[in-house]
Number of protein chains: 2
Amino acid sequence: MDESKIVAALAALAHEHRLRIFRLLVRAGPSGVPAGQIAEHIGISATGMSFHLKELDHAGLVTSTRQGRFVRYAPHVEGMRQLLTYLTEDCCRGQPELCGGIIKKVRAVCK
Amino acid sequence: MDESKIVAALAALAHEHRLRIFRLLVRAGPSGVPAGQIAEHIGISATGMSFHLKELDHAGLVTSTRQGRFVRYAPHVEGMRQLLTYLTEDCCRGQPELCGGIIKKVRAVCK
DNA sequence: CCTATTATTCAAATAATTTTGAAATATGCA
DNA sequence: TGCATATTTCAAAATTATTTGAATAATAGG
């Protein structure tokens, strides 16, 4: 995968509000949450929310669908998957020490 | 783990040069690489290298040890582990779709 | 002590991001 | 159509990050 897209995705998540937005969307699931509702939850203005959602969208981490007057945002599974695959496989080369022990853990369970 | 530390780590990696530096250090292993040698490899000035290495260091992603006139930099295993653990477990809640298929893959191998 | 090498610090300049508030767009409903 | 709601766009201001080059520190070796 294109390294500049990885940088863009990392930058998108590298912000207090945006990381919280993404976390919230993951918890909310694929049906999504209207922008205004996210804004209320996070505690920022509608304008600020649009700005941050645009960043996440451009980075390929969220998707949006209009539903009447609302625009529902949901996590974009493929974008996040690519980021985590890059970080664990390409960047950290699958080393269990670096990869958060996931590989280690699951292997242990398998024994 | 502290969310602001996660944001700092993400921001540290969210830069073309720094992501390449970190990748290079992972490949080089725990013995580390002198700052100047990294700079030569990446193709940036010594001053620029100091700036970026400081960012990575402050974010807890690399460690440094002086060896004579050289300062060797190596990946800081614990910092990266914490970041990836956060992203996969806290943020993405271990959902295989989001987590880069690592969990899925290893489970499949185990069957 | 002197010099060469390696790396960092500093301050100034430049560039990029984020915030703010007003205006605009899109939709639903009376 | 006219009005209310949800969201986005826009431009200006504020903030933060990055680059640049000169100066400074740390060390090895003569």
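A, B, ... follow the sequence lines: proteins, then strands. Residue 1 opens every chain. Being a predicted model, the structure only gives us computed values, none of them experimental.
Leu56(A) places its CG atom 14 Å from the P atom of dT17(C), with the value rounded to the nearest Å. Between the C1' atom of dT19(C) and the CD1 atom of Ile42(A) lies a distance of 17 Å, rounded to the nearest Å. Distance CZ (Phe70(A)) to P (dT7(D)): 6 Å, rounded to an integer number of Å. Going from atom CD1 of Ile38(A) over to atom C1' of dT8(D) covers 14 Å, rounded to whole Å. As rounded to whole Å, 14 Å separates atom C1' of dT19(C) from atom CD of Glu16(A). Rounded to a whole Å, the CE atom of Met49(A) is 13 Å from the P atom of dT20(C). Here the P atom of nucleotide dT27(C) and the CZ atom of Arg72(A) are 17 Å apart, to the nearest Å. Rounded to whole Å, the distance from CZ on Arg69(A) to P on dC3(D) is 16 Å.
Applying the 4.0 Å criterion to OP1 and OP2 of dA6(D), one finds that Tyr73(A) has every side-chain N and O outside that range.
With hydrogens and angles ignored, the 3.5 Å screen pairs no side-chain donor or acceptor of His52(A) with any backbone N or O of Arg18(A).
With rounding to the nearest 0.5 Å, the separation of CD1 in Ile6(B) from OH in Tyr86(B) is 6.5 Å. One finds the CG atom of Leu83(B) at 6.5 Å from the CG atom of Leu13(B) (value rounded to the nearest 0.5 Å). Taking CD of Gln95(A) as the reference point, atom CZ of Arg81(B) lies at 14.0 Å (rounded to 0.5 Å). The CZ atom of Arg72(B) sits 11.5 Å away from atom OG1 of Thr63(B), with the distance rounded to the nearest 0.5 Å.
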Quiz item: What is the per-nucleotide protein-contact pattern of nucleotides 9-21 of chain D, from the 5' end, where B denotes a base atom under 4.0 Å from a protein heavy atom, S denotes such proximity for sugar-phosphate atoms only, and - denotes neither?
Solution: BB-------BBBB
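Nearest heavy atom pair, residue Met80(B) against residue Leu87(A), reads CE-CD2, 4.3 Å. Residue Cys92(A) comes nearest to Leu84(B) through the heavy atom pair SG-CD1, 4.1 Å, listed as atom of the first residue, atom of the second, then distance.
One finds no salt bridge joining Glu89(B) and Arg93(B) here, because no Lys/Arg side-chain nitrogen approaches an Asp/Glu carboxylate oxygen to under 4.0 Å.
Between the two ends of the helix from dC1(C)-dG30(D) to dA30(C)-dT1(D), each summarised by a five-pair axis, the helix axis turns through 20° (rounded to 10 degrees).
Follow the hydrophobic side-chain contacts under 4.5 Å out from Leu61(B) and you reach Ile42(B) in the same cluster.
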